[in-house]
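Counting from 1, the numbers follow the sequence of the chain as shown. Start at 1 and go down the list; that is how both ligands and their atoms are numbered. A quick note: this is a predicted structure, and the numbers were derived from the prediction, not measured.
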Amino acid sequence: MVLSHPRMMVASVHSFGDHEEPARRLATALDSPWRPINVRRFPDEESLVRIVPQKGTAVVYCPLDHPNGRLVDLLLAASALRDAGAQPVVLVAPYLCYMRQDIAFRPGEAVSQKVVARLLSGAFDRIVTVDPHLHRTHDLNDVFSIPVMQLSAAPLLGAAIASDNPGEEPVLVGPDEESRPWVEAAARITACSSLVGRKVRRADRAVEIEIERLDIVRGRTVVLIDDMVSTGSTIRKATRLLLDAGATRADLYVTHMLSSIEDTAALYDAGTTRIVSTDSVRHPTNVVQLAPLLAGALSG
Ligand code: R5P
């Protein structure tokens, strides 16, 4: 869902060094300068964070994959920007962490989504994110106490599928019910037929998948679509089912590609032909750049 927010003139885009490339792309799209956030790690592993002082609207670009170490540095950077006179301080986190644990499933468990929402709401004035991986929460504005703009990369994935398959009609496949919105959005753009499977997860790396009407994939290219790939177990299982049913190739288009190098290699071993991900999380499969989408949301 895209919420409407007032137009913002962005004075500068700040990022840690490992996100320099996508942050610079965002800065270019906004016609704003990029500024580094420098981190010095002390021997005891505390951080000294230094920003380039800025007045006006400061955007901090920071995907929150592998978040545990990053969160503290991010809070320190936001505080330093505020101390230097930046206002508002906006977090652009194309991937937002800890969004799945939205209730305590067993007594004693932390409700991580609420904790992270409270932390980030205390540090920033606004957040822009893409395809947050939500289960029972539908609108992050119910959880954060600052405005959150939730964008979707589904139209960009649909457009990439259409341009990568000219004159062809691949079958679009979502491996589970949660992928349905992405598959349906891509199906509207590509006018391709689609299937959505059902998944039962037994453990982090053990899933069972059923897909009905599998006969329609015989002799066809299939394109799997999902919001997130983590261990790759879901996509591996779905890919095997589709290839065993006679699909000639199985491509994967995904917003957030979180898989390790080993898990990504296992996807190719399972028969995945091509992987296309957005640059929401830095990964060798990044093809689709989110900067225009993010810039449009910030300035539109
Ligand atoms: C389901 O909830 C998600 O859309 C993904 O299918 C899931 O997070 C993928 O996880 P993994 O790659 O570990 O199977």
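Considering only residues two or more places apart in sequence or on other chains, A117 meets the side-chain contact (heavy atoms from CB on, under 4.5 Å) condition with V143, F144. Judged as a salt bridge (charged side-chain N to carboxylate O under 4.0 Å, His left out), and not counting sequence neighbours, R188 has no contacts. When the ring-ring contact (aromatic ring centres under 6.0 Å, His included) test is applied to F124, no partner is found at least two apart in sequence or on another chain.
Atom CZ of R201 has more than 12 neighbouring heavy atoms from other residues, nucleotides or ligands inside a 6.0 Å radius.
Side chain to side chain, H256 and S280 meet the donor-acceptor criterion of an N or O pair below 3.5 Å.
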Contact table, ligand 1 N/O with protein N/O, distance under 3.5 Å:
from     : atom 1 : to   : atom 2 : distance (Å)
ligand 1 : 2 (O)  : H133 : NE2    : 3.4
ligand 1 : 2 (O)  : E178 : OE1    : 2.5
ligand 1 : 4 (O)  : D226 : OD1    : 2.9
ligand 1 : 4 (O)  : D227 : OD1    : 2.8
ligand 1 : 6 (O)  : D176 : OD2    : 3.3
ligand 1 : 6 (O)  : K199 : NZ     : 3.2
ligand 1 : 6 (O)  : D226 : OD2    : 2.7
ligand 1 : 10 (O) : R201 : NH2    : 3.1
ligand 1 : 12 (O) : S230 : N      : 2.8
ligand 1 : 12 (O) : T231 : N      : 3.2
ligand 1 : 12 (O) : G232 : N      : 2.8
ligand 1 : 13 (O) : T231 : N      : 2.9
ligand 1 : 13 (O) : T231 : OG1    : 2.6
ligand 1 : 14 (O) : R201 : NH2    : 2.9
ligand 1 : 14 (O) : T234 : N      : 3.0
ligand 1 : 14 (O) : T234 : OG1    : 2.5

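The distance from the OH atom of Y253 to the CZ atom of R274 is 3.5 Å, given to the nearest 0.5 Å.
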